[in-house]
Amino acid sequence: SETPPKTELGDVAFPIAFELAKRLKQETGEKRNPREIAEILKSSLEEFEFVGKVDVAGAGYLNVYLNRPQFVAARISAPPLPSLGKSADASAPKVCVEHTSVNPNKAAHIGHVRNSVLGDTFQRILKATGKRVEVQNYIDNTGVQVADVVVGFIYIENKTLADIKLLDAELLAAGKTFDYYCWDLYAKVGQEYQTNAELKQKRAEVLHLLEEGNNEIADLAEYVATRNVECIIDTMQRLSIRYDLLPRESEILHLHFWDKAFEQMKQLGVIQYETEGKNSGCWVMPFESHAGTDEHEADKILVRSNGTVTYTGKDIAYQMWKLGILGMDFCYRPFHKYPNGQDVWITTSDPAADQDSPGFGHGETIYNVIDSRQSYTQDVVKKGVAAVSPDRGERSSIHLSYEMVALSPSAAEELGFVISDEDKARSFIEMSGRKGLGVKADDLIDRLEANALAEVEARHPDEPTEEKKTIAHKIAVGALRYFLLKFTRNTVIVFDFKEALSFEGETGCLCQYSAVRANSIFRKLSEGGENLDDLLTVVSDPRKTAQLFSAEGGDEIWSMFMLASRLEETVAQAASQNEPAILAKYAFNLAKGFNLFYHNHKILPEPDPTKRALLLCVADTVRRSLTAALDTMGIEVPAKM
RNA sequence: GCUCCCGUAGCUCAGUUGGAUAGAGCAACAGCCUUCUAAGCUGUGGGUCGCACGUUCAAGUCGUGCCGGGGGCACCA
């Protein structure tokens, strides 16, 4: 259409040829060598003039290519991510993202943070693609881990509920936190179990009482678990991670979710009562796909011979609730209000408490954020749900699995742990709450904030203290979130202090820095009384723009612009591949690209007004894309750095 | 025994679904602050993509088999 300036045909012949060969094969089955096609293209199309390098892979690039100036004009005035910030239609299908990781028995460690950062970022990605999202954090308040801490309080420390409340107040007064106290106590109980069989017996008793509810020990456990949940909420809030609902296991038990699911499963005949064999007296779900032998070895027991339900049974019922196919609901009460005004609700079995809850569950799709060690169990649960509801079960629930965060041997030593020669030889050591071995989330955030503050102090000594702290906090959050997001989900993160505390290289800090620099260009611009909107008209002249792109350095400007234009596509890709790391890599490449861009092109001093306007428009597109990408990862851009 | 994941530069990791000469960050060495912020930029060295066959115009990517590392396969949660 336009008369595009001239460049090398060779640059475009190969990608076009690859695309043609691919389509030819798809549509006619004919196989052609792309190199041959490229040669034909070169010889037959020499009379045409092309614009420049092809930067867009895939089917759409040719159109983009020939209409570059118009494309630029259209993109420049468009918002970076149209769906971002716009709340989804209330009638849109709901997606539930559930974090399942941290037990409410002690402080959260870095492994729990990976779970929550992953879940929170993925949730933000889904929102950015226009989905309606509900974020849940499952609270296993009746499990062994809570039972262990309760055992510690009662049988090691001889404390009553009143004593614990007193202790809690003392800790608060001393500037210490309840979850840290529980961390140590939990490790102490773990030690004690090794030599004290009697104590281990107590665990079974306590566990039973917790499940039963309505007794003194259950009340004590309730207090301990709730206090730990409050601590976890605070810790995660530091990282801008917030939840909508905290579903508790105690309600799943007390409201008898399982009975309802059990009834349905019996009616549909998807489970059987065994009268002979090794599973005699149990209700089992036949499970052939994992069977190794012709015995029913792989059959999964859902109800034990003593009549109690297994974890898998409970989880099937819970999954059914999430999908809205159980036919039962929790009661809810507000639990906590975040500083941004958002409420987090918690489940309860008291119908009187339930007043204005917005309604939870009924997800069209469910994402379960659980580490990959639970893959088998997740699969079993999924098959169980699918047995009840074939059309929903398989498709609607997705295991967003991730590998654990382990410690490098040197990190374990730095934490003051004596490690065996055997462990020293290993590439990593698994964290263990029972041994007290792990990096507590708050400790790490504290260290990051302190390091960042020292850097800010050195660079901006005249800033008010509050402002310096705010900046340091944003840098710390950016560093930690980026560090956990840059790895793909199935990579084991071997935690190393030096790497995690770094503000240099491929870090969140570099991304933030780049955005801050971009912002300061526009701050200077408006300080000089210039308006960006006026500059848009200069750039919307296709002929002038086309000339600039074909001039010296034009390809570089074009590449920068194209990269910045790919945010929406990247977010969509991260969503469809369930991989937040794609977005993290994109943000880093964008930031790095921009660092080079403003190094090579002096923007504000640029004498040619058209080129200056174009550079400014490109820089503006970059900073908006970068800011939106970082925001989608829960990373804020500080005012200064 | 069955099953899933991983193996890419000295180290830690990407690799856009099979495309052009395999990329980043650390670490090492050499440069760049009178300039829109040096938490940055530039350059150098560093690769038999674990091994071997196979599929095809084309394989780090797909298939099979080995070798090496990790996880998971309860009337635990």
Side-chain angles (χ1 to χ4, degrees), chain A residues 10 13-15 17-19 21-22 31-36 38 57-58 103 140 142-145 147 207 249 278-284 290-293 297-298 300-312 314-315 371-377 379-380 401 403-404 406 408 426-428 430 452 455-456 458-460 475 486-488 490-494 496 498-499 502-507 509-510 512-514 516-525 566 569-570 573 577 581-582 584-586 588-589 591-592 595-596 598-606 619 640-641:
Chain A
F14 274 107
F18 285 133
E19 185 62 27
K22 196 187 283 177
K31 290 179 186 174
R32 294 288 293 272
N33 188 340
R35 285 165 206 281
E36 286 169 27
N103 276 288
D140 184 2
T142 54
V144 278
Q145 296 213 27
L207 192 57
E249 185 165 79
K278 69 183 179 78
N279 294 341
S280 179
C282 302
W283 284 88
V284 304
H290 285 261
T293 62
E297 201 163 305
K300 181 65 203 173
I301 291 164
L302 298 186
V303 180
R304 302 182 189 105
S305 54
N306 68 4
T308 56
V309 200
T310 61
Y311 166 81
T312 311
K314 277 182 279 189
D315 208 16
D371 79 84
S372 62
R373 283 172 292 192
Q374 310 263 7
S375 295
Y376 174 77
T377 319
D379 207 32
V380 175
S401 70
E403 278 292 346
M404 61 176 164
S408 66
R426 287 167 156 261
S427 55
F428 61 81
E430 191 177 346
E455 295 285 340
V456 176
R459 279 157 232 254
H460 305 286
I475 292 170
K486 72 174 178 179
F487 299 95
T488 52
N490 59 5
T491 300
V492 176
I493 298 180
V494 181
D496 181 79
K498 191 172 164 244
E499 213 183 327
S502 171
F503 294 137
E504 284 165 19
E506 194 195 338
T507 61
C509 187
L510 183 141
Q512 290 170 316
Y513 179 73
S514 184
V516 167
R517 299 260 329 237
N519 284 338
S520 72
I521 293 172
F522 290 91
R523 199 187 54 239
K524 288 239 161 141
L525 188 76
R566 243 174 260 161
E569 175 193 324
T570 306
Q573 200 186 353
Q577 292 186 28
I582 293 172
K585 290 283 173 193
Y586 172 76
F588 172 67
N589 285 326
K592 185 145 179 65
N595 284 344
L596 182 58
Y598 70 60
H599 185 261
N600 290 344
H601 301 272
K602 300 296 168 210
I603 297 172
L604 290 176
E606 171 60 44
K640 281 186 182 178
M641 274 179 85

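Lettering of chains follows the sequences in order, A, B, ..., and the numbering in each one begins at 1.
- Residues passing the salt bridge (Lys or Arg N to Asp or Glu O under 4.0 Å) test with A/Glu499: none are found, sequence neighbours excluded.
- Here B/U17 is in the syn range [glycosidic angle within 90° of 0].
- Residues satisfying the ring-ring contact (aromatic ring centres under 6.0 Å, His included) test with A/Phe428, not counting sequence neighbours, are none.
- Distances shorter than 4.0 Å separate some side-chain N or O of A/Ser520 from OP1 or OP2 on B/U37.
- For the P atoms, the distance linking B/G7 with B/C62 amounts to 10 Å, nearest Å.
- A/Glu249 comes within 4.0 angstrom of the backbone, heavy atoms only, and of no base.
- Between B/C66 and B/C2, the distance separating the two P atoms is 11 Å to the nearest Å.
- Taking the C1' atoms as reference points, B/G46 lies 14 Å from B/G23, given to the whole Å.
- Across B/U37 and B/C32, the matching C1' atoms stand 15 Å from one another, rounded to whole Å.
- Between the side chain of A/Ser372 and the base of B/C5 there is no donor-acceptor pair of N/O atoms closer than 3.5 Å.
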Between the protein and nucleotides 7-14 of chain B, list every N/O to N/O distance that falls short of 3.5 Å.
| residue | atom | partner | partner atom | Å |
| --- | --- | --- | --- | --- |
| B/C13 | OP1 | A/Val492 | O | 3.2 |
| B/A14 | OP1 | A/Thr488 | N | 2.9 |
| B/A14 | OP1 | A/Thr488 | OG1 | 2.2 |
| B/A14 | OP1 | A/Thr491 | OG1 | 2.5 |

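- Comparing B/U55 with B/U61, their C1' atoms sit 14 Å apart, to the nearest whole Å.
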(request) Would you sketch RNA chain B in dot-bracket for me? Only Watson-Crick or G-U wobble pairs with both distances under 3.5 Å count, crossing pairs as [ ], other-strand pairs as |, the rest as dots. (result) (((((((..((((.....[...)))).(((((.......))))).....(((((..]....))))))))))))....
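- Atom CD in A/Gln577 sits about 12 Å away from atom C1' in B/G15, given to the nearest Å.
- Distances from the side chain of A/Lys498 to the nucleotides B/G72, B/C26, B/A77 place B/C26 closest.
- Partners of A/Phe503 by ring-ring contact (aromatic ring centres under 6.0 Å, His included), not counting sequence neighbours: none found.
- Going from the P atom of B/G43 to that of B/C6 covers 34 Å, rounded to whole Å.
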(request) Sugar-phosphate means primed atoms, P, OP1 and OP2; the rest is base. With that split, encode nucleotides 39-47 of chain B 5' to 3' as B, S or - using protein heavy atoms under 4.0 Å. (result) BSSS-----
(message) As a quick check of understanding, evaluate side chain to side chain contact (heavy atoms under 4.5 Å, CB included) for A/Lys486 and A/Phe588, giving each step before the final call.
(response) CA-CA 9 Å; A/Lys486 72 174 178 179; A/Phe588 172 67; over 6 Å; no
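- Base engagement by A/Ser280 is indicated by at least one non-hydrogen atom pair under 4.0 Å involving a base atom.
- Side-chain atoms of A/Phe428 lie closest to B/G70 of the nucleotides B/C36, B/G70, B/C75.
- Classification of B/C33 as syn follows from a glycosidic angle within 90° of 0.
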